[in-house]
Amino acid sequence: MLIVIKIMESLEKIINICLRRGIIFPTAEIYGSISGFYEFGEIGKRIKDKLIKIWKDFFVEENFVEIEGSIILPKDVLDASGHTKSFVDPITKCKKCQTIYRADNLIEEKLNIKVEGKSIEELNKIIKEKNIKCPKCGNELEDVREFNLMFKTSVGPLAKEEAYLRPETAQNIFISFKRIYKAYRKKLPFAIYQIGYSFRNEISPRQFLIRLRFFTQAEIEMFFNPENENCPIEKYLELEIPVLTREEQRKGSNEIKWFKIKDLIGNVIKSKWQAYFLAKEFIFFTQVLKLSKDRLRFRHVLEEETPFYSAGNFDLEYYFEGIGWKEIVGNAYRSDYDLSTHSKHSKEDLSIQEEKKFIPHVVEPSFGIERIILALFFENYREREWSYFSFPPYLSPYLVAVFPLVKKKEIIEKAEETYKKFKEIFGRDIIFDSSDSIGKLYARADEIGIPFAITIDYQTLKDNTFTIRYRDDKKQERVNFEESVKIIENSLKIDVDIKG
Ligand code: AMP
C-alpha cells in the first residue's frame, strides 16, 4: 500500500509539472474541461515533434512511403474494415446512480481475473453469479451491452452522408494502397506509414495520457509476399528480447523470459517481418529512447484477445510505476484481411501481379505517441532540491539555455550576443532568459529537462569563456564557444548496437 501511495504521487507530480509549465493540459479548462482531451503547449509539442523526428529517423527505410490521410472516413470504409460492427467495448450502467462502467474492466478489478475476449453473455453471467454491484452506490447493474467507440459525424449541409472520425490511422493506408503501389512504382516488400490523430470515444478516459479520446498514432503497414518475405532479419537473429509468453499468462504469472529472435521465428512469431519490427522496437526503446530494459516486455496476446484475422499479436508494454503494465506499441500480423475486405466491399481488385497474382500480407506496428511521451516522463522524472526530467538531449524540449549570471547591462548584452551565436548553429533549440536569479533560472531549465545551461559572467567580458552547466550532475566547466558546441553536438549522437 505504501508503495502505491508513493508512486501514485509520481504521476501526480508529473501532471503538476505539465500543468505548471504549460507542457500538456486539459482541453477547455476554463469551461471545466472535457475528459480524455488534452492540449500540448510549446514545450510538450517540442518533445512530441522531436520524438516523431527520431522515430522517423530510426524506423523509416528506403522502401517506405508516407501518407497523411483524412481523419474523417466514410461509413463504407469502416463497414468494410469491421469497425462499425466490432469496434465495441462492453458496458454496463448502474440502475440507480446511472454511472457507466466498462464491464470487463469492472470484473477484472473486482475479481482480479482476465476476461478480455469474453462474450457479452459470458460477462453478464459473471456479473450475476459473482453478484457484482455498482462500486459507487452498491446498487444493481443493468445488462451488459456493446458500445461502439467511434465518433460519428455527418458530411455536407444536409448531413446525409454518415461518416466517422477514424479510430486508427491504418485504414487510410489500406484504402490508398493501390494508388501508392502504382504511383510510387513499388515492389514488395514495401511499407506505407502514417503519423496522425485517431479518435476513440473511450468509456472511461483516465490516467492522464494513457487513455485518451484522441491521440497520435504512428503506424507502419508492411506489405509483403508471405511465401517470399524477403526480410533482412539476419542482422537481428541473435538479439534477445523480453517476452511474456501465453503459457505464463495462462498460469497467472508475470514472469518475463528472454528469447533470441531466431528462436521465436516460425515458432510463436509467424512472420519474419513481425520479428523484424519487434527487434527494431526493442533497440529503439532501450537504446534510443533509453527506457529501462526491465520495464519493457512483449506480451504475446492470448488467442481469445487476438482478432480473428490476425496471425498473432504482440503488445510492447511499459511498466508505469503505480499504474502497471500498459501497451505502448501494438504489433499485429493482419495477414491479407484488410486488403481482401476492401477489395470485396469496394469492388476494386487490390491484388497485385508480381511473381503471381495475389493479395499481399501485412504486418503492422502501431505506436501510441502520447503513451510513449508519458513513458519518457516516468522514466526520466528525478527529484533533488527541485524535480526535473533527465531526458536524453535529443528529446529535450530545448537543448541549451543561455543565462546572464547577474542582471547587469553589459552581462545581459554579452549573454544576448552569445545566445545569437548559438542560435546560428542550433536554431530554435536555444532559449535565452534573464528574468530571474541564476538559481531560479537553473531550476526552471532543469524542470523541463534542458540538458545544458550556458552562463555568461564577468570573465566572459574579458576572454569570451563561459560556464557550461550539466543538468544531471549540476557540474560546471569553463569553456569557450567552440568547445561548448562540440560538447553539445556530441550529446546528440545516437549510437545503436544491433546486438542489444
Ligand atoms: P491499438 O490499435 O489499440 O493496438 O493501439 C495502438 C496504440 O495506440 C497502443 O499501443 C497505444 O499506445 C495507443 N492507444 C490506443 N488507445 C489509446 C487511447 N485511448 N489513448 C492513448 N493511446 C492509445
Side-chain angles (χ1 to χ4, degrees), residues 11 24 26-27 34-40 44 48 51-52 55 59 71 73 78 81-83 86-89 102 104-105 116-117 147-151 164-174 193-221 244 274 277-278 281-282 284-285 289 291 295-302 305-307 309-310 312-320 323-334 337-338 362-378:
L11 176 63
I24 300 166
T27 298
I34 165 168
S35 132
F37 295 87
Y38 284 90
E39 313 279 308
F40 276 60
K48 181 175 172 183
L51 172 61
I52 289 175
W55 181 91
F59 283 100
I71 56 167
L73 292 174
L78 298 150
S81 65
H83 283 88
S86 313
F87 199 61
V88 290
D89 275 341
R102 240 185 90 162
D104 50 350
N105 287 353
E116 250 200 87
F147 172 75
N148 194 300
L149 295 185
M150 285 196 297
F151 286 99
Y164 293 88
L165 300 189
R166 64 182 181 200
E168 59 177 18
T169 59
Q171 292 308 319
N172 298 85
I173 296 177
F174 300 125
Y193 72 100
Q194 176 169 213
I195 301 158
Y197 293 132
S198 289
F199 301 81
R200 298 182 185 177
N201 197 3
E202 299 282 357
I203 294 152
S204 42
R206 56 185 163 166
Q207 292 160 331
F208 194 33
L209 304 182
I210 299 264
R211 198 164 293 285
L212 298 167
R213 286 181 165 144
F214 96 103
F215 54 96
T216 312
Q217 285 188 312
E219 292 193 300
I220 301 170
E221 308 301 323
L244 180 64
Q274 186 163 56
F277 284 112
L278 300 193
E281 283 162 29
F282 191 64
F284 179 70
F285 281 100
L289 301 192
L291 300 187
R295 287 171 199 230
L296 287 167
R297 70 180 189 195
F298 290 96
R299 187 172 73 84
H300 190 192
V301 175
L302 295 167
E305 304 170 66
T306 308
Y309 54 80
S310 173
N313 280 24
F314 285 84
D315 287 349
L316 176 59
E317 298 182 331
Y318 178 77
Y319 187 77
F320 292 86
I323 295 178
W325 292 96
K326 293 283 170 198
E327 174 191 338
I328 53 173
V329 186
N331 288 284
Y333 181 3
R334 297 179 80 129
Y337 171 77
D338 298 274
V362 173
V363 152
E364 170 197 81
S366 170
F367 298 71
I369 297 296
E370 287 79 3
R371 282 196 196 168
I372 297 172
I373 291 172
L374 190 61
L376 288 167
F377 285 153
F378 267 78

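Numbering of ligands and ligand atoms starts at 1, following listing order. Values below: every heavy atom of this structure, side chains too, minus hydrogens, waters and symmetry copies.
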> Who's the nearest protein heavy-atom neighbour of atom 2 (O) of ligand 1, and how far?
Arg200 NH2, 3.0 Å
> What protein heavy atom sits nearest atom 13 (C) of ligand 1, and how far off is it?
Gly368 CA, 3.6 Å
> Can a side-chain donor-acceptor contact be found between Glu305 and Asn313 if the only test is distance below 3.5 angstrom?
no
> Students should be able to answer this: which protein heavy-atom is nearest to atom 20 (N) of ligand 1, and at what distance?
Leu212 N, 2.8 Å
> Among all protein heavy atoms, pick the one closest to atom 7 (C) of ligand 1 and tell me residue, atom and distance.
Ser366 O, 3.7 Å
> Can an N or O of Ile328 be found at a distance shorter than 3.5 Å from an N or O of ligand 1?
yes
> Is Leu316 touching ligand 1 with its side chain, its backbone, both, or neither, if touching means heavy atoms under 4.0 Å apart?
neither
> Please report whether ligand 1 has a polar contact with Ile210, defined as an N or O pair separated by less than 3.5 Å (distance criterion only).
yes
> Answer yes or no: is there a donor N or O on one side and an acceptor on the other, between the side chain of Glu317 and the main chain of Lys326, under 3.5 Å?
no
> Can a side-chain donor-acceptor contact be found between Glu168 and Ser366 if the only test is distance below 3.5 angstrom?
no
> Quick check: do Asn201 and Phe147 have side-chain heavy atoms less than 4.5 Å from each other?
yes
> For Met150, which of Leu165, Leu78, Val88 qualifies under side-chain contact (heavy atoms from CB on, under 4.5 Å)?
Leu78
> Distance-only, no hydrogens or angles: does the Ser310 side chain make a donor-acceptor pair with backbone N or O of Thr306 under 3.5 Å?
no
> Under the 6.0 Å and 45° cation-pi test, does Arg297 pair with Trp325?
yes
> So does Glu202 pair up with Arg213, basic N to acidic O under 4.0 Å?
no
> Looking at atom 11 (C) of ligand 1, what's its closest protein heavy atom, distance included?
Arg371 NH1, 3.6 Å
> Using heavy-atom distances, let me know which of Gln217, Lys326, Arg213 sits nearest atom 5 (O) of ligand 1.
Gln217
> How does Leu209 reach ligand 1, if at all, at less than 4.0 Å between non-hydrogen atoms: by side chain, backbone, both, or neither?
backbone
> With a cutoff of 4.0 Å, is Glu168 in contact with ligand 1, counting heavy atoms of the residue only?
no
> Starting from atom 10 (O) of ligand 1, locate the nearest protein heavy atom and write down its residue, its atom name and how far away it is, to 0.1 Å.
Glu327 OE2, 2.7 Å
> Which residue owns the protein heavy atom closest to atom 14 (N) of ligand 1, what's the atom, and how far is it?
Phe215 CE1, 3.4 Å
